[in-house]
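Below you'll find the structure I mean.
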2 protein chains.
Amino acid sequence: MANLKQLAHSLGLSITTVSRALDGYSDVSAATRERVREAAEAAGYRPNASARRLRKQRAELVAVTLPSDPGHVGPPHFLDMLSGCAEHLAAAGLNLVIAPVPRGVSELEICQRFVDGRRVDAMLLVRTKRQDERVEYLQSRGIPFVTNGRTESLIPHPFIDGDGFAGFRAATLRFHAAGHRRIGHIAGPQEYYFAHVRRRGWQAAMEECGLATDLCAEGAPLEQGGYLAALELLRQPSRPTALVCATDEMAIGALRALREVDGGSQISIVGHDDLSMGAFTSPPLSTMRMTGENLGATFASLLLRAIAGEPAEDLQELHAIEFVDRDSHRRPPVAA
Amino acid sequence: MANLKQLAHSLGLSITTVSRALDGYSDVSAATRERVREAAEAAGYRPNASARRLRKQRAELVAVTLPSDPGHVGPPHFLDMLSGCAEHLAAAGLNLVIAPVPRGVSELEICQRFVDGRRVDAMLLVRTKRQDERVEYLQSRGIPFVTNGRTESLIPHPFIDGDGFAGFRAATLRFHAAGHRRIGHIAGPQEYYFAHVRRRGWQAAMEECGLATDLCAEGAPLEQGGYLAALELLRQPSRPTALVCATDEMAIGALRALREVDGGSQISIVGHDDLSMGAFTSPPLSTMRMTGENLGATFASLLLRAIAGEPAEDLQELHAIEFVDRDSHRRPPVAA
DNA sequence: CCCATCCTCCAAAACGTTTTGGGAGTCAAT
DNA sequence: ATTGACTCCCAAAACGTTTTGGAGGATGGG
């Protein structure tokens with residue numbers, strides 16, 4: 001209800017003084033400042049966001065692109081990340097707005113809509129692809145952004161990512177050290193960077209060990225995709241004795257395939273993401289997770305620093321992957 | 001880059017005419033309109049959102065409160081709902097913004113921050129409580145809103161909800177008809193309306209059948225909560241032979257408890273939410289789901305109608321619950 | 001007593017859009 | 001020639017804030 005004009009009038013002060021008092025400028029006396037603050041509090045005054053945004057030429061918003069294709073946005077705990085990110089952005093006066101990407105519309109177009117209408121100060125990109133047109137566009141427009149996951153862009157840009165290559169290589173080598181020789185990989189869609197790099201980690205380990213890399217099947221990054229991919233690998237003349245899965249959801253789908261084929265007790269399996277659900281599957285799912293606390297806060301921090309103009313090179317975080325030891329990776333190395 | 005003034009200048013027209021041409025008013029000639037449109041297209045012109053919002057006195061934003069407490073926001077597919085809702089709001093020129101609720105801050109305060117700063121035109125409330133202070137506040141301020149889940153508010157307000165009472169009553173009666181007599185309930189936190197009403201559905205069925213309602217344990221609406229609650233019920237001198245769980249996540253936690261205690265083959269179980277994961281658990285999880293297509297679109301539609309001023313009574317959707325028949329509810333009615 | 005300095009405060013401009021309330025010109029009917 | 005209706009266009013106001021560039025008065029040093 002209350003705007004600055006009314007508040008100023010009721011106090012017998014000018015709009016300027018009230019505004020500056022509330023913003024804590026030193027050119028208004030302590031007494032006046034206090035008086036203004038009390039009146040503002042009493043009136044429940046909050047500055048009109050649109051007006052401030054217009055005047056300050058800042059949208060006070062950060063957009064995150066969300067594909068409406070169910071399941072293609074990220075693991076379930078992605079929502080916690082978003083919420084954490086929004087919380088830390090809010091502490092800096094920024095709000096997180098969802099930029100939905102309807103089926104049939106390119107993510108690029110959505111980016112343009114938000115950027116060209118000056119609706120956002122920065123963007124958060126998730127599920128990056130190896131060649132990501134959003135990255136190129138934002139770079140060309142000079143809009144600050146941070147990606148969740150790297151890209152193959154030649155120009156460096158801010159990102160947070162897990163070292164999927166190292167993580168999947170290590171997991172594969174761990175199986176090899178346990179005596180496994182036929183180690184399969186259940187891969188996600190290869191246009192996504194995360195899926196590609198995880199596959200390459202597995203591949204590198206296999207080649208280092210002098211093993212063939214034919215035991216690889218690709219699927220959608222969901223339970224069903226993992227299930228179908230696992231069935232495909234289990235149909236091979238010589239079955240894998242261990243499976244390295246691109247995501248926990250795929251691994252959980254694969255677990256069902258294993259149960260259907262051999263009762264689930266013969267083949268080792270490991271996923272990635274550390275879903276809480278993984279502790280409750282049968283068997284409990286060994287997995288990997290990106291190290292680092294409070295991912296959302298880190299994204300928020302990088303976004304703020306990007307907006308502040310820090311160079312991209314200083315805003316790249318590659319986190320180590322740690323192994324989460326449950327039970328599903330402990331099957332004997334030789335299948336029945 | 002381009003604003004209306006520049007565009008108008010380059011066309012030799014007034015700002016007014018350009019603005020009205022782009023908005024399709026009839027008092028600008030078809031020829032001019034076309035000329036303006038082409039120039040706007042070529043210049044990549046998009047109206048400045050903040051300026052329009054200020055002038056039109058509409059924020060063009062809808063906020064959804066998201067607790068940052070992980071897991072307390074809703075089931076995993078909640079994100080799909082949000083995305084769908086955002087998509088349909090966007091088609092009407094509204095964007096969905098996240099109103100994060102940090103630990104230690106009341107949801108009410110967050111609502112006030114958004115409403116009083118005129119940052120939003122409407123709000124979407126999720127995880128409603130039986131007594132929900134947000135509802136009272138928004139009603140008192142006359143801000144349009146829709147809740148995901150009912151409340152016990154005396155004044156009617158727009159909502160979308162599943163008929164949890166009927167659903168859980170029916171599920172319990174189904175177990176009874178199958179011969180079960182010791183039917184337990186794993187309940188969610190009772191301050192949430194959804195958890196309370198589901199429990200009451202189970203309770204009503206038990207009483208109708210003349211059965212005791214002592215086999216009830218409460219936990220957090222997550223796997224761990226369901227796991228602990230199930231262990232509690234399994235410690236009873238006379239175990240339940242069937243479990244009706246408030247959510248699929250709790251049911252999946254309970255499944256693990258069952259496996260630990262009796263191998264998982266003796267006790268029937270049913271959840272609610274129809275998580276995709278449920279098709280891949282061992283055994284596959286029978287569950288319930290709210291009927292209705294595209295929940296997000298429905299929320300968007302209700303929000304738009306609430307903003308348009310339709311009365312709350314016309315904006316209440318109570319959806320039937322349907323049973324999803326997998327396998328976990330088919331255990332014999334008598335425990336070992 | 002004068003000048004400089006500081007402390008408070010304020011009028012006005014600006015942000016970019018939409019909307020109000022006409023104004024000029026054309027055309028047809030009077 | 002005048003009137004009225006109609007078409008096409010525009011100047012100016014308004015939305016509510018922040019910021020610029022002082023103004024006016026008090027204070028203190030010379």
Side-chain angles (χ1 to χ4, degrees), chain A residues 1-37 39-40 43-61 93-95 113-121, chain B residues 1-37 39-40 43-61 93-95 113-121:
Chain A
M1 298 296 120
N3 59 19
L4 222 39
K5 194 193 286 189
Q6 291 164 24
L7 197 57
H9 184 74
S10 78
L11 282 163
L13 289 169
S14 74
I15 292 180
T16 308
T17 302
V18 176
S19 172
R20 303 193 65 106
L22 292 175
D23 272 6
Y25 279 76
S26 64
D27 67 353
V28 29
S29 73
T32 307
R33 185 158 52 224
E34 208 39 50
R35 194 162 66 95
V36 170
R37 285 215 169 124
Y45 170 78
R46 312 227 183 212
N48 180 299
S50 300
R52 180 159 30 116
R53 288 165 177 171
L54 172 60
R55 172 62 227 224
K56 300 199 92 163
Q57 294 288 82
R58 297 200 278 100
E60 296 178 353
L61 290 173
L94 295 176
N95 285 119
R113 206 171 293 173
F114 275 81
V115 166
D116 292 339
R118 232 145 279 113
R119 306 170 100 81
V120 294
D121 299 321
Chain B
M1 298 299 120
N3 60 17
L4 221 40
K5 194 194 287 189
Q6 291 165 25
L7 197 56
H9 184 76
S10 78
L11 282 163
L13 289 169
S14 74
I15 291 180
T16 307
T17 303
V18 175
S19 172
R20 310 208 91 201
L22 293 175
D23 271 6
Y25 280 76
S26 64
D27 66 352
V28 31
S29 73
T32 308
R33 186 159 51 225
E34 208 39 51
R35 195 161 66 95
V36 170
R37 285 213 169 126
Y45 169 78
R46 312 226 185 213
N48 180 299
S50 300
R52 178 156 34 112
R53 288 164 179 174
L54 172 60
R55 171 64 227 225
K56 301 198 92 163
Q57 294 288 82
R58 297 200 281 99
E60 295 178 353
L61 290 173
L94 294 175
N95 285 118
R113 205 171 293 173
F114 274 80
V115 166
D116 292 339
R118 232 144 281 117
R119 306 169 100 81
V120 294
D121 299 321

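The structure displayed is predicted, hence computed values, not measured ones. A, B, ... follow the sequence lines: proteins, then strands. Residue 1 opens every chain.
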Check this one for me: any side-chain N or O of Ser14(B) less than 4.0 Å away from OP1 or OP2 of dC10(D)?
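Yes.
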
Rounded to the nearest Å, what distance is computed from the CZ atom of residue Arg52(A) to the C1' atom of nucleotide dT17(D)?
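In whole Å, dT17(D) C1' lies 8 Å from Arg52(A) CZ.
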
Distance test, side-chain N/O of Tyr25(B) to OP1/OP2 of dC8(D), below 4.0 Å
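So the side-chain polar atoms of Tyr25(B) never come under 4.0 Å of the phosphate oxygens OP1 or OP2 of dC8(D).
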
Rounded interatomic separation in angstrom, taking CG from Asp27(A) and P from dT20(D)
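Interatomic distance, CG of Asp27(A) to P of dT20(D): 12 Å.
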
Is Tyr45(A) near enough to dT17(D) that one of its side-chain N or O atoms lies under 4.0 angstrom from OP1 or OP2?
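So the side chain of Tyr45(A) is within the cut-off, an N or O lying under 4.0 Å from OP1 or OP2 of dT17(D).
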
Rounded distance (Å) that lies between atom C1' of dC10(C) and atom CG of Leu4(A)
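Checked: the CG to C1' distance equals 13 Å.
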
Need one value for Asn48(B): base, sugar-phosphate or nothing, where a base atom within 4.0 Å counts as base even if backbone is also close, heavy atoms only.
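It contacts sugar-phosphate atoms only.
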
Which atom of Arg119(B) lies closest to which atom of Ala59(B), heavy atoms considered:
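Nearest pair, atom of Arg119(B) first, then Ala59(B): O-CB, 3.2 Å.
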
Under 4.0 angstrom between Gln57(B) side-chain N/O and dG16(D) OP1 or OP2:
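For Gln57(B), the contact criterion (side-chain N or O under 4.0 Å from OP1 or OP2 of dG16(D)) is met.
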
Within the 4.0 Å heavy-atom criterion, would you say Leu13(A) contacts the bases, only the backbone, or no part of the nucleic acid?
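Sugar-phosphate contact only - Leu13(A) comes under 4.0 Å of backbone atoms but never of a base.
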
Can you see if the side chain of Thr32(B) gets near the phosphate of dC9(D) - specifically, an N or O under 4.0 Å from OP1 or OP2?
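True: Thr32(B) side-chain N/O within range (under 4.0 Å) of dC9(D) OP1/OP2.
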
In whole angstroms, how far is the P atom of dA13(D) from the CG atom of Leu54(B)?
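Interatomic distance, CG of Leu54(B) to P of dA13(D): 17 Å.
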
Given dT18(D), is OP1 or OP2 found less than 4.0 Å from the side-chain N or O atoms of Ser19(A)?
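Yes, Ser19(A) has a side-chain N/O under 4.0 Å of OP1/OP2 on dT18(D).
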
Between P of dT17(C) and CZ of Arg46(B), the distance in whole Å:
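In whole Å, dT17(C) P and Arg46(B) CZ are 13 Å from each other.
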
N or O in side chain of Thr17(B) less than 4.0 angstrom from dC10(D) OP1/OP2:
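True: Thr17(B) side-chain N/O within range (under 4.0 Å) of dC10(D) OP1/OP2.
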
Please state whether the phosphate of dC9(C), meaning OP1 or OP2, lies under 4.0 angstrom from any side-chain nitrogen or oxygen of Ser29(A).
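Checking dC9(C) against Ser29(A), a side-chain N or O does come within under 4.0 Å of OP1 or OP2.
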
Need one value for Arg20(A): base, sugar-phosphate or nothing, where a base atom within 4.0 Å counts as base even if backbone is also close, heavy atoms only.
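Since a base atom lies under 4.0 Å of Arg20(A), the category is base.
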
Take Lys5(A) and Arg33(B), find for each the nucleotide of DNA chain D with the closest heavy atom, and name the residue whose nucleotide sits nearer the 5' end.
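Its nucleotide being nearer the 5' end, the pick is Arg33(B).
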
